[in-house]
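Working notes, beginning with the structure itself.
Because the structure is predicted, anything quoted here is derived from the model rather than measured. Just so we're on the same page: letters track the sequence lines, and every chain starts at 1.
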Amino acid sequence: MYNFEYQKASSAADAAAKIKAAGEDGKLMAGGMTLIPTLKQRLAQPSALVDLGGAKDLAGIKVEGNAVVIGAMTTHAAVAASKDVQGKIKALAGLAANIGDRQVRHRGTIGGSIANNDPAADYPAAVLALGATIVTNQRKIAADDFFKGMFETALQPGEIITAVSFPVPEKAGYVKFPNPASRYAVVGVFVAKTGGGVRVGVTGAGNSGVFRAHKMEEALSKDFSAKAIEGMHPPADAMNADIHASAEYRAHLVGVMAKRAIAAAG
Amino acid sequence: MAPNDVGSTGIGAAVRRREDFRFLTGRGTYTDDINRPNQTHAVLLRSPHAHAEIVAIDAKAAKASPGVVAVFTGEDFKAINGLPCGWLVHGKNNTPMVEPKHPILADGRVRHVGDPVAVVIAETKDQARDAAEKIAVTYKELPAIVDMKAALKGGGTPVHDAAATNLCFDWELGDKAATDAAFAKAAHVTKLDLVNNRLVPNAMEPRAAIGDFDRATGEYTLYTTSQNPHVIRLLMGAFVLGIPEHKLRVVAPDVGGGFGSKIYHYAEEAIVTWAAKQVGRPVKWTSERSEAFMSDAHGRDHVTHVELALDKDGKFLGMRCETLANMGAYLSTFAPCIPTYLHGTLLAGNYATPAIYTNVKAVFTNTVPVDAYRGAGRPEATFQIERLIDKAARELKTDPAELRRKNYIKPDQFPYQTPVALVYDIGNYDATLDQVLKLSDAAGYAQRKAASKAKGKLRGRGIASYIEACGIAPSNVVGSLGARAGLYEAATVRVNPTGNVVVFTGSHSHGQGHETTFAQVVSDMLGIPMEQVEISHGDTNRVPFGMGTYGSRSLAVGGTAIVKSLEKIIAKSKKIAAHMLEAAEADIEFKDGKFTVAGTDKSKTFGEIALAAYVPHKYPLETVEPGLDETSFYDPKNFTFPAGCYVCEVEIDPETGVVEVQSFSAADDFGRIVNPMIVEGQVHGGLVQGIGQALLETCVYDKDGQLQTGSYMDYTMPRAGDVPSFKVAHSVTACTHNPLGVKGCGEAGAIGAPPTVINAIVDALSEYGVTHIDMPATPNRIWKAIQDAKAARH
C-alpha cells in the first residue's frame, strides 16, 4: 500500500467538500471491499482517501410509497436482514445475503458496489431489472442510464451516490452461478415482473458488463414462465470468457439461471 | 487416573492433539512471529516475464531510496553455487539427467514468472517494496516454452541451453519386451489419455525466512518454514554458501502446513542467510500469498498415455505407460525422483499385473519448478491405474469392483515382488474392498440413483483402490537409484532426573500431530503419563541429524527411531534396577512403568530408576554409565505399503454441469494405529485435497507463460461446503518390518480420492457416452463433455 491522506467524512455534504478539496487523485471509499485489496496490491495510488463510513445520513433503509429506498452506505448484511426488504423485495434481500462472504457482507455497501460496477457484482443486475433510481448528491439517474460498461458509470467526478430507490415489483427472483474460486457471479440473472412489464438484468456474463436481456423480457412479458424462455440465451459473442467459463457456457448459463430466477420468483 | 495408568494416553487411544491449544488460541510461534533485534526486511523483485534475457539492471535509484540498506542482484551471486538438486536420475542408456544451474538470483536470464531477479534490504518492508519498484530491469523477451509436447520438439531458445529439446531425462522402468508380448496376446486392450493437473500447494502459512549472523561466534542462524531443518542446513551450508554445519543453525519453529512444498531448499533461505553477514544485521523475508503462487514449488503436472492388456477372463496381462512430467524452469530439490521412483515404481498398484513398462520424459518449461506435493508421484500413478481399470470395466461391461477383486494381489501372495522394483510386505486388498462396499451401502445404490433421477440429476458411483509406498528406504538402495541423501531418521530420548522425558526427533511436525502421537508411543512403552513427555523438534542445535517429514514417513521411520531409543532406555534401566534390587538382570521385568523382580513384589518405579541414573549413589558404576539418554538412527529395510479402497457417489446437474459429492467412503489399511482420531483427521485432510484436485484446483499458465491462477480469485481451494461428511473405516495388516507395525496415513486421501471422484463422474455421464473427463472436472468441462457427447451421437 502506498501512503495516502486519510479523511473521514461526517456526512454526504462533508464528503462532497472533502473529495472536491482532494482534487483529481482523491478517492471515495465506501466499504472498501474492492478498494482496499487494490491498494494493498499497489494497483492504485490515491493522494487522499475520503472514508464515507462516518456519514450517518448515507445509511439506512426506508419504505417510501411503492419503493424501498436503501442508503448508499447500507451494508449487504443490513439489506439481507432488513424486514422491509424481505417483505417488499425478497429477492433483493436474498441477493444481498449471498454476496461474498460474511466479512464482506458486513463491510461492503450497496453504494460502493454500484459505483464500482464490477462486471461480476450482484447488485447491478437487481438495479437494472428492478428499474431502480440511483440518487446522488446532484441528481437522480435511471438504472438504464447509469451503467456504462465494465467498471464505468454515469457518475461524474465528485458525485456521490446517496441512495438507491427500488420500485417494489409484483414478483422478482435472482439466481447466480458463482465462480467456484471467487464466488463472484459467473452469471447472475435478476428477473422482475412489474405492472410495466418484465425486466431481466444479467451480471457476470456480458463482455461489456451488466445488461438487460431484451428478448427474454419480451417473451416473459407475454408469459411469465420458465417455459416461455426455454432454449433462449444471449449470443455467445457478447459474452465474457475466462478460465472458469467459456462464452458458450456463459450464454447457456444465462438461459438456465433466468429460468431458475423465474422459478424463484414464484 | 493412577500415575502409571496410561490406558488413556497409550497406543491406540484417541488422545486430543496437545499442540492444538497453542495453534487454536494464536499462541504458536511461526517464523514470521520471530523478530530479531535490529532486523532488516527483504523484498524480492521477481520476473514479470516467463522467459527473457536480462539486458541490464539499474539499481541506482533503489539504492538511494529511503531506508534502503542494500540491493543485490544476480551479479552478486555469480560466484555462489546454485540451489542443489538432491536426486540424480539416470535415463535410458544410463544417461544422466540434464542438471542446469539454479541460480539464487537470475543470472542473465529469467525462466519463469516469479523468478527472483533482485533483492532489496531495507529498514521496513514498505521501504524495501518502494525501492524494489525503482529497480529498472531491461528485458529482452523470448518466446515462452509452456506446453510439454511442443517443448520436446525444440526450436526457439530452450529453457536451458544444455537441453536443446528441453528434455531433462528420458527414463524407463520394467520389461518392455515382456510387456509388448503381453499386449500381443491380449483379448482386450484399453487405452486412455489423461492429464494430472498442476496444483499449487497453498499451505496456510506462507513461506518465511530470517537470516542472522553473529560476528562474535561466526555462527549463522536461519529461521525458516521447513519440514526438514537438517536437510536445509546440509544443502545450504555445504552446497550453496559453504558454511560448515557447526557454524550454521537452522530452526524451523511452528510451521503452518507444508504438503511437501516446505521440503525444498529455496533461494530466499540462502539470500537472507548470506545477506545477514553482508549487511551485518538480521534479514527477514516473508512471502506474500501472491508471491507464494509463483515461487513455492508446484505439484503433479503429468500428461500420460496408458494402456492395459487383459485376457478373455478379464485378468490383467500387462500395462504400459508413457508420461511427460513437467519439471518447470529448474530442478527443485527432489523433483527428478517424483515422476520416476515415486511414480513408475507404483504402477503395479494393488494388482498382480505380470508385465509393466513405463517411460517417463521429464521436461523443462518456463513455469514454476514442480516437486513433491502430498502423495508425490503416487497420486499420478494411482490416477492412471484406477482410471484405466475403470475404463476397461466399462468396455467389458463388467462390475468395476469385481474386475479389481479379480486382479488384486491376494493375501497369500505377500511378500509380493512387483514387476516395477518394489516388494510389498503385506496387505489385504479384498478386505478393504469388502469394507468399503459395506460402508458405502452398495446395495442401496439403485434406489439412490432413481431418487436422483427423479430430481433431474445424474447420479454416479465410483470406486478406486490405491497403494502407497511410504518411508522411502533403505538408504543404500535409494542411493543406488540416485538419491544424494540418506533416508533414515534419528531420535534422542532424554530421561530427566525426576523421570520426565524429552524426545528430540528429526521428524518435524507441521500439522501432523507428532507432539501427541510420539508422546503416546513413549507413554505406552515407558508406562508414564503423556504429560511427562515433551516432543522437541525443528532446531538443528537441539535434535540429532534427522531427515525430516515427508512421504507419510514420520511414525514408520521417525517413530521407529524413538522406539529404538526407548528400547535402549529400558535395557539400561533394567541393569540399574537389577543392581538396586539386588537381582539378576534377566529376572527384571518391566511393565506399567515398574521394574519388578520376577515372581516377587520387589520393584522400582521408572522415576526411581531415572533418579538413580543421575544421582548414582547406589549404582553399578563399574558396568553402567550414569545418565539415561539414548540416541538411535533408524534406516528402514523397506518401504511401508498402506493401501485402501474408496467409493464416492456424485450427483450432477446436467443443465449446469455442477457436481455435488453426495458421499465419500474410505476404507484404509494403515497397519497399526497409534491415535485413531489423528489418523481420521489426516484422512479427512487428504480426501479434501484429493477432491480439490478432482473438482476444483488447477494451476493454469497461458501460452505466454503468464500465471492465470495467481490468487484465490482464480485458484479454487476446496471449502467445507464442497465436501460431504466422510465415512471412514480401517482394517489392519501390521507392517512386517517395523516394531510398531505402522505404515503411514498422511497422503492416502490425496492419492485415492481423485480417481474415485472422476470414476463416479464418468459413471454418471456414461449414459451420454462420455468415457473420460480431465481434472478438475469443472462445471464448464462437464457441460462441454455432455454437449460434445450429444453432438457426436447426432
Query raised in the report: Taking the side chain as C-beta and beyond, is there a heavy-atom pair between B/Glu655 and A/Lys259 under 4.5 Å?
Result: yes

Query - Side chain / backbone / both / neither for B/Met713 at chain A, heavy atoms under 4.5 Å - result: both

**Report entry** Interatomic distance, A/Arg260 atom CZ to B/Asp653 atom CG [nearest 0.5 angstrom]
**Finding:** 4.5 Å

Requested in this report: Would you mind reporting whether B/Glu288 and A/Lys40 have side-chain heavy atoms less than 4.5 Å apart?
Outcome: no

Report summary line: Nearest heavy-atom approach of B/Pro779 to A/Tyr249 is CB-OH, 3.0 Å

Requested in this report: Find the one option among A/Met257, A/Arg183, A/Gln41, A/Met1 whose heavy-atom pairs under 4.5 Å with chain B are most numerous.
Outcome: A/Arg183

Query - Heavy-atom pair count under 4.5 Å with chain A, highest-scoring of B/Thr656, B/Thr778, B/Val700 - result: B/Thr656

Query - Part of B/Asp722 lying under 4.5 Å from any heavy atom of chain A - result: side chain

Query raised in the report: Using non-hydrogen atoms only, which part of A/Arg250 is less than 4.5 Å away from chain B: side chain, backbone, both, or neither?
Result: neither

Query raised in the report: Any chance the side chains of A/His244 and B/Asn780 put a donor and an acceptor closer than 3.5 Å?
Result: no

Report task. Pick whichever of B/Met717, B/Lys784, B/Arg129 has the most heavy-atom pairs under 4.5 Å with chain A. Result -> B/Arg129

Query - Contact class of B/Arg719 relative to chain A, heavy atoms under 4.5 angstrom - result: side chain

**Report entry** From CG (B/Asp714) to CG (A/Asn179), nearest 0.5 Å
**Finding:** 6.5 Å

